[in-house]
Protein chains: 2
Amino acid sequence: MTRRPRIRDVAELAGVAPSTVSVVLNDTEGARVAGSTRDRVRAAAAELGYVPNSLARGLRTQRSGTLAFISDVIATTPYAGQLIQGAQDAAWEAGYLLMLVNTGGDKTLEEHAVRALRQQQVDGALYATMYHRSVTLPRVLDGLPTVLLDSRPAEGATTFVVPDEQQGAQSAVEELVRHGHRRIGFVRDLHDGPAVDRRLRGYEETLTAHGLEVDPGLVVRERSDSAGGDRAAGVLLDSERPPSAIFAFNDQMAIGVYRAAAARGVRIPQDLSVIGFDDLYVVSSELTPGLTTMALPHREMGRLAALALIAERDGAEPAGEMLVPCPVVRRGSVGPASPAAATPH
Amino acid sequence: MTRRPRIRDVAELAGVAPSTVSVVLNDTEGARVAGSTRDRVRAAAAELGYVPNSLARGLRTQRSGTLAFISDVIATTPYAGQLIQGAQDAAWEAGYLLMLVNTGGDKTLEEHAVRALRQQQVDGALYATMYHRSVTLPRVLDGLPTVLLDSRPAEGATTFVVPDEQQGAQSAVEELVRHGHRRIGFVRDLHDGPAVDRRLRGYEETLTAHGLEVDPGLVVRERSDSAGGDRAAGVLLDSERPPSAIFAFNDQMAIGVYRAAAARGVRIPQDLSVIGFDDLYVVSSELTPGLTTMALPHREMGRLAALALIAERDGAEPAGEMLVPCPVVRRGSVGPASPAAATPH
DNA sequence: CTGAAAGCGCTTACAG
DNA sequence: CTGAAAGCGCTTACAG
């Protein structure tokens, strides 16, 4: 393998100075180069297969053309890929490449990693978390343009991109109301957090907006896994006045709702409508009937975050909170409310 | 934010030349520097929070300290994370950072991306695919140390890291034989490929090794999704002499096996044992009973690939084929063979 | 044991 | 319209 050509090789072949090659290949503003010279330079570069060395360029311009993608354990979840994909696509279009680091939530590793990333002169950082939560940025990130992905800053005014949880919950409930449901249960996570808080608010406000009663007895707290969903739905289905529809905090809990229904001979969607959240596709598409659920717009979030980061790096004002809408994905778990709804048989 | 310190700043503070700082901080071989000088340099570096600029270093040393991770659509599958995580961990330990590019299988994009990556002077490339298959490396990669991840080279002697499919199938069948099964069905993918070919061979050879009949009627070809698994298992369960156990090509097909069994009143594992492949955890752990399956060692594969790549970059001979064992993950779908096995009731 | 010089491969004022 | 020079921040022979 022969050595890669340098700018000087192109200059010699074209019979010009290296600086002229640089100016031509970069289309430098305000530099006047004769058309014939341009052509000669371009031809020479093409002939040699010249590709500029980004390290040398970065050293000179103080821009590396790379962005850090730092995440806790995100890359190991099924969603992560979309977040990365979206960020990468937007970065790519703007001429940036992503340097990836997964910290596994280890703060010491995180600090070392950020140091290594800064050493590589990344132009900015995307800081992503596994699910929507509140975080404190590590100090090593100080001074580097940073955008949070799927989390919000516990302090400070860092730009952040998160799903519009409240709108998602609102759309979910409206989907049910539209099908005639009037008593709608909500099986929620045990713990509070940005996601559950906003989904709960969206649920309550939408009920109110439609003149429906907000019955605390219809909201059951449980662990946010399928077993928890099973138990929570059990409480609802076994109550005096069972709901005709259940909105599950997430798809894992929705699996449990299916189980609770099956155990009681309650059919979905004939006797009970179910709507989930997250669109964990391996789950939602494999259930019978398929689960109607709110999708988390990970790809779009990744795109927007990268775009915002690049803009800030280029001097734009921090964008602050960026909410990305969650679209409904209709499968088969929502049907019309029937008078006999949720009555065990 | 004040400008980051350069090596000259450290040198001035320590009262030495920049070259001495470099030698001390890099622990350069064969360079004799007085202990007291070393201490002064280290103290000065620490005081200023000095971090060398990798771009400048890379320009000089012709090593960027970065590795490319190129994949088709891998980052969007649940497995991808582990592959990346393993590669990243190993790279990190060796002082490398990963630059990620997802091509989505687009060859034009791939070519541009590789060019950009080479422009960034990556020291080597990991080329990963979504599932075990045969690939032809793009020419733009010529001359760059490369290791294939989860795929094998259609031509050439590129080092590649893949799961040991045959051993996996062997372990799966032995797990069933150990439980007394003698008639074991195999529901396989419609198409041939490195994975299915080797799993089939492992299945057949293990049966033979145990003196069991290899009945072509026990191998059913279908689409490798749950619907396909459902149909294939149906054929097996409805046959004259149904098997007491089914080995599914992958977990998606295993879901279908569960469905076919349920539809016929065949209980798992009492009447029928099932073992899958892939350990698609969202699936395998949510089924009832939990699915016993062969895990794809993605994390380990990522580790080994990165290690092999770095070794080659450092002058080692290409390692060729690297097989990584697939461990069995026991849940609840394998039980003892019973005489009444798989008899519908 | 330590320092001065050259050079990695670019880009950017600055001359002409 | 084009070229010569300086410099980005390091490391590496080479002197001394």
Side-chain angles (χ1 to χ4, degrees), chain A residues 2-42 44-45 48-66 95 116 118-123, chain B residues 2-42 44-45 48-66 95 116 118-123:
Chain A
T2 111
R3 222 155 79 49
R4 294 177 56 192
R6 293 162 295 145
I7 196 168
R8 193 197 301 171
D9 301 320
V10 179
E12 282 171 5
L13 183 60
V16 299
S19 49
T20 304
V21 175
S22 171
V23 160
V24 170
L25 263 27
N26 291 315
D27 276 322
T28 308
E29 292 282 329
R32 322 214 148 272
V33 179
S36 62
T37 307
R38 287 185 185 279
D39 292 345
R40 255 186 305 135
V41 169
R42 295 227 170 81
L48 296 176
Y50 172 70
V51 176
N53 180 324
S54 295
L55 261 38
R57 171 185 284 170
L59 182 58
R60 179 64 232 238
T61 62
Q62 305 288 34
R63 292 208 171 201
S64 66
T66 57
R118 297 199 75 155
Q119 187 163 350
Q120 289 283 356
Q121 315 298 117
V122 292
D123 294 324
Chain B
T2 114
R3 224 155 78 49
R4 294 177 55 192
R6 293 161 296 144
I7 195 169
R8 193 198 300 171
D9 300 320
V10 179
E12 281 170 6
L13 183 58
V16 299
S19 49
T20 304
V21 175
S22 171
V23 159
V24 170
L25 263 27
N26 291 315
D27 276 321
T28 308
E29 292 281 329
R32 322 215 148 273
V33 179
S36 61
T37 307
R38 287 186 185 279
D39 293 344
R40 254 185 306 135
V41 169
R42 296 225 170 83
L48 297 175
Y50 172 69
V51 176
N53 180 324
S54 296
L55 261 37
R57 171 187 284 171
L59 182 59
R60 177 65 231 239
T61 61
Q62 305 287 34
R63 292 207 172 203
S64 65
T66 59
R118 299 199 74 156
Q119 187 162 351
Q120 289 283 355
Q121 313 301 117
V122 292
D123 294 324

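Values below: every heavy atom of this structure, side chains too, minus hydrogens, waters and symmetry copies. A, B, ... follow the sequence lines: proteins, then strands. Residue 1 opens every chain.
- Heavy atoms only, all atoms of each residue included: A11(A) and P18(A) are closest at CB-N, 3.6 Å.
- To the nearest 0.5 Å, the span separating CD on Q62(B) from CG on D123(B) amounts to 10.0 Å.
- Between E12(B) atom CD and dT2(C) atom P the separation is 18 Å, expressed in whole Å.
- The interatomic distance linking R40(A) (CZ) with dC1(D) (P) rounds to 14 Å, in whole Å.
- At the heavy-atom level, S54(B) lies nowhere under 4.0 Å from the strands shown.
- Counting only heavy atoms from C-beta outward, the side chains of D9(B) and R4(B) never approach each other to under 4.5 Å.
- The distance from atom CG of L25(A) to atom C1' of dT2(D) is 16 Å, rounded to the nearest whole Å.
- For the atom pair OG1 (T37(B)) and CZ (R40(B)), the distance works out to 4.5 Å, reported to the nearest 0.5 Å.
- At whole-Å resolution of the value, CZ in R38(B) and P in dC1(C) are 9 Å apart.
- Here the C1' atom of nucleotide dC8(D) and the CZ atom of R4(B) are 13 Å apart, to the nearest Å.
- Atoms CD (Q119(B)) and P (dC8(C)) sit 19 Å apart, rounded to a whole Å.
- Between Q121(A) atom CD and dG9(D) atom C1' there is a gap of 9 Å when expressed in whole angstrom units.
- Residue V41(B) comes nearest to V10(B) through the heavy atom pair O-CG1, 4.0 Å, listed as atom of the first residue, atom of the second, then distance.
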Requested in this report: Starting at the 5' end of nucleotides 10-16 of chain C, put B wherever the base has a protein heavy atom under 4.0 Å, S where only the sugar-phosphate does, and a dash everywhere else.
Outcome: BBB----

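- A44(B) and A14(B) make their closest contact through CB-CB, 3.9 Å (heavy atoms, listed as atom of the first residue, atom of the second, distance).
- Considering every non-hydrogen atom in both Q121(B) and S64(B), the closest pair reads O-OG, 2.7 Å.
- At the phosphate of dG9(C), OP1 or OP2 sits under 4.0 Å from a side-chain N or O atom of Q62(B).
- Closest approach of Q120(B) to T66(B), counting heavy atoms only: O-OG1, 4.3 Å.
- The line from CG of L55(A) to CZ of R60(B) is 13.5 Å long, rounded to the nearest 0.5 Å.
- Consecutive Watson-Crick or G-U pairs involving DNA chain D, each under 3.5 Å on both distances, make up stems of three or more pairs at C:1-3 with D:14-16, C:5-12 with D:5-12, C:14-16 with D:1-3.
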